[in-house]
Amino acid sequence: MQNFMQDIRKDFPALSQQINEKSLIYFDNAATTHKPKQVIDALTTYYEKFNANPHRGAHYLSIKSTEIYEDARETVRKFIHAKSSKEIIFTKNATESLNILAFSYAMNLVEEGDEIVVSILEHHSNLLPWQQVAKLKGATLKFLYLNKDGGIKDTEIESKITKKTKLVSITHMSNALGNINPIEKITTYAHQYGAKVILDGAQSVPHMTIDVGKLGIDFMVFSGHKMLAPMGIGVLYGKEALLKEMKPFLFGGNMIEYVYEDYASFAELPFKLEAGTQNVEGALGLMTAINYINEIGMEKIQAIEADLTSYALEKLTNLDEVVLYGSKNSKDRGAVISFNIKDVHPHDTASILDSYGVAVRAGHHCAQPLMRYLEIPATTRASFSFYNTKEEIDFFVESLKKVRRWLGYGS
Amino acid sequence: MQNFMQDIRKDFPALSQQINEKSLIYFDNAATTHKPKQVIDALTTYYEKFNANPHRGAHYLSIKSTEIYEDARETVRKFIHAKSSKEIIFTKNATESLNILAFSYAMNLVEEGDEIVVSILEHHSNLLPWQQVAKLKGATLKFLYLNKDGGIKDTEIESKITKKTKLVSITHMSNALGNINPIEKITTYAHQYGAKVILDGAQSVPHMTIDVGKLGIDFMVFSGHKMLAPMGIGVLYGKEALLKEMKPFLFGGNMIEYVYEDYASFAELPFKLEAGTQNVEGALGLMTAINYINEIGMEKIQAIEADLTSYALEKLTNLDEVVLYGSKNSKDRGAVISFNIKDVHPHDTASILDSYGVAVRAGHHCAQPLMRYLEIPATTRASFSFYNTKEEIDFFVESLKKVRRWLGYGS
Amino acid sequence: MDLNSIYSELILEHSQNSHNYRRIDAPTLSHKGHNPSCGDEITLQLKLESEIIKDAAFSGVGCAISKASTSILIDLITDKTKQEALNLVDTFIGMIKREVTNEEELEILEDALAFQNISNLPARVKCAVLAWHTLKKSLE
Amino acid sequence: MDLNSIYSELILEHSQNSHNYRRIDAPTLSHKGHNPSCGDEITLQLKLESEIIKDAAFSGVGCAISKASTSILIDLITDKTKQEALNLVDTFIGMIKREVTNEEELEILEDALAFQNISNLPARVKCAVLAWHTLKKSLE
Ligand SMILES: Cc1ncc(COP(=O)(O)O)c(C=O)c1O
Ligand SMILES: Cc1ncc(COP(=O)(O)O)c(C=O)c1O
């Protein structure tokens, strides 16, 4: 394990930096992860050897770019166990994927009086698009609330998802608390009423094996940058029959069949939903990142991250000055820990930790309604990746202990 | 000049490749350009030393990423001579920028019976969004047609832009023919009637000095990948007062102020129009590309490209088997040459040239209505960048001469 | 890439002044195939008499490869049954996709074997298969 | 980065149990300032008597820096004229942006000089200026 970790960390140049004369401890992985040199090198090679506009050219570089782009699509398909590569649409991030679903799918599905169900845990990106649809269509947005543990109870699901529900859009793993939601239960329940289920996989796809078929979901979204790939590339997965019904979201080059002055017909899936020049290098980066993850093995990644999380949870539970949010049971959560230090605003905590080289996030984590629900203005969040270590957690905890003193409290 | 060119070409690793055992001659620059090593290195450094989610974190890497992203915005602002960096919105490509304008601006501006004016030269990306707006609003899409030279005559402008016109969206330089349109005339004329003008600068921003104020336009769009930067980054420029009126296009993280369960207020410009995690490395790549262009100097770039274009035009004019499209006058055009070889379909031409290592494009160039207007199914297109050379043009012309023979014609 | 194997005598012959490039009077089937990304557009006309393709012809625009492929297809299917023609299409598509590689099986393609190496030119595969897909659609 | 210069005695004193953290009866002006990205929300209350700020106080939530900055601001503007207060705000913002660097000019900021180095902590600049911007908006 020791050696394995040393090897792994060598793959990530950013991890061996000094920040403020301290070794960087990067615990902001839920925001974005660092990139292994395999991904960085793949991009460099792409620029040096390939780089052309795919799908449109008869020349060598264009053919290569097309191959790379479509290989990336197939790699994503396998990774999430989708049936067909037509079900994989490349977008710029999870947020765009959700907006496509809101405006090109839900706007045609939801009618006045219908209900859309989300949870109070949602990231703004999985909330604002539904507020828009609800407003424009005269539908109602309903929230699944949490029990004390941060979990969603069966009774909550059963009472909120009803025959009025047309759509459930829910996060798999909360970026703010780390909680993992009971997706299979929700899909089974939603499908009873014929409602469609969208999974926000931004936090789960990077950290657990995903089988869209087993989960029973209709759509899923995620972002490359949270899973070792570059920013600027995201994915929208949808069941082929459903994507087929959808009208295009962006209109322009690449997504057309015939174009007349006053009329145009559109290409088949997946191209119908990919307008303009696509981010080929982003797709290549995502493919390379997935290959990297597969090489380590998702099960190993999950085991390492679960181990780090329970180690950190235990240490933090032992600190009197720390208030923890989210499930106490590390089985119900991913590698995200939200907490506060008594009497200290999370921004001060984050700045002080930063001075020790420890990068954590402070704020509402794009989940203002959740913060309001928990009656806290903000939290401090430490989120781990498989490349983090227990030694880093030890140092982080030691640094945390100094925070109150910096702010003039006895301890 | 000789030495300068040698130095420049060394900056572009992709240019010194062998393709099919021939030296690559890359004449598909209107589709996408290659990237100088300065850009590639900037990305590598970013991944190795920075890389974090901007605008949300109190830690060092996040602060650096924020700085890089906002520096990039300021660099773009200066490059196109916009007044404020609030006028610069980062998007994924020119196509997305145009869709934002269609759905977040034009849909609120255009009413039944109004007219939207485009030209018959438009790229599908600057046509399909307007078809949608026209259809959804019951407005009429009007086309500026061409004279024999491929130019748009004053009388055409004067007869098509009328008091019914609400919006003119026009390409600065045609990607299919190379023609440069008389933008100042169009804006002056459109503004007389209070119509707004959108400039599709996808082909012009990479190749000429742009001053949005002098051009008098209201909005402009372009893509990074056509100007030495990566794919996945584009720009929407708009006058601040106009962008301010616009409703958001994508909804989610980053573009909010306050979020409640059933309601959200939005951030100020430019953030209101940038939802979700942005492509920071793309913005950095664009900034580095602009710095590279500035270092050479846009005037020098223009001079080199004009020289290459007239050299090639002259050579091609002398070939009996070549039919040229677009203006005969190299002053009215950018570094794009569209042509066909008699009796030969452009796809065959492109494949044969490819076997000589010459990368050109064949097809409708995302301008089907133009092809139909010109009554040709497709053209072959050679498009130059300042890093191309006359020797490359010589070789290209020699290879062209062999095309008819490959297809069994005497010469 | 070996251009000679693509722009071969046979293919050039069929791409220029093909005897199949004409119109049939009163065809029983007429189907348009298109390749929007290239602008290729080919109309295939068939005259069927009780399951037998008695006559076939094409018109439209296309590159040398798509025209030759169409013309060779027509030679091949004339006087064949619908079922035989469909079988030829499947074998041809199989050959292009490198799924059918058995030489004996491929033999029935006769002149159409000239396209065996088209997958070395991935950008042109669409041109080679256009007419075959069109035939399949029109017969089904 | 020198944390000592940020979390100094003075700032800590003002951020905890500040004597200005209270409510005024019948304020003449009450203005809410917020920093959505952090969740900071501060209400500034003023009692003006013919252009003189007779009393000022704040309430709300915020980090140590925003609370200290607010409290120090309040000490500074109490018994000053509106014009003097606005001048202090401009000088303070100028200092933070490193546009005003002349020491004599900065002297009027007194305790607020403690924030001179906050720009070394770019993520916290917003916290330090929140109250000052809020005051400016409320007076204008
Ligand atoms: C004139 C013109 N407009 C718009 C576009 C669309 O750019 P993109 O595909 O990068 O969105 C292009 C390039 O393809 C173009 O040449
Ligand atoms: C749960 C969740 N959903 C959606 C998003 C949005 O992802 P992006 O910003 O990459 O679009 C994030 C990340 O910020 C997230 O954590």
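The sequence lines fix the lettering, A, B, ..., with proteins before strands; numbering per chain opens at 1.
Using cut-offs of 30° and 60° on the angle between ring planes, the pair A:Y373 and A:Y145 is parallel. The aromatic rings of A:F396 and A:F27 sit perpendicular to each other, their planes meeting at more than 60°, with 30° as the lower class boundary.
Of the listed residues (D:N4, D:I11, D:V61, D:D40), the one with the most heavy-atom contacts under 4.5 Å to chain A is D:N4. For the options A:E21, A:H345, A:H364, heavy-atom pairs under 4.5 Å to chain D are most numerous at A:H345. Residue with the most contacts toward chain A among D:C127, D:S15, D:C63: D:C63 (heavy-atom pairs, distance under 4.5 Å).
A side-chain donor from one of A:H172 and A:S204 sits under 3.5 Å from a side-chain acceptor of the other.
Residue D:A64 touches chain A through both its backbone and its side chain, counting heavy-atom pairs closer than 4.5 Å. Of the two parts of D:E41, neither the backbone nor the side chain holds a non-hydrogen atom closer than 4.5 Å to a non-hydrogen atom of chain A. Contacts of D:I65 with chain A are made by both backbone and side-chain atoms, with heavy-atom separations under 4.5 Å.
By the side chain to side chain donor-acceptor pair (under 3.5 Å) test, D:S119 is found to be paired with D:R98, residues two or more places apart in sequence or in another chain being considered.
A cation-pi arrangement is present between A:R404 and A:Y409 under the rule of less than 6.0 angstrom and at most 45 degrees off the ring axis.
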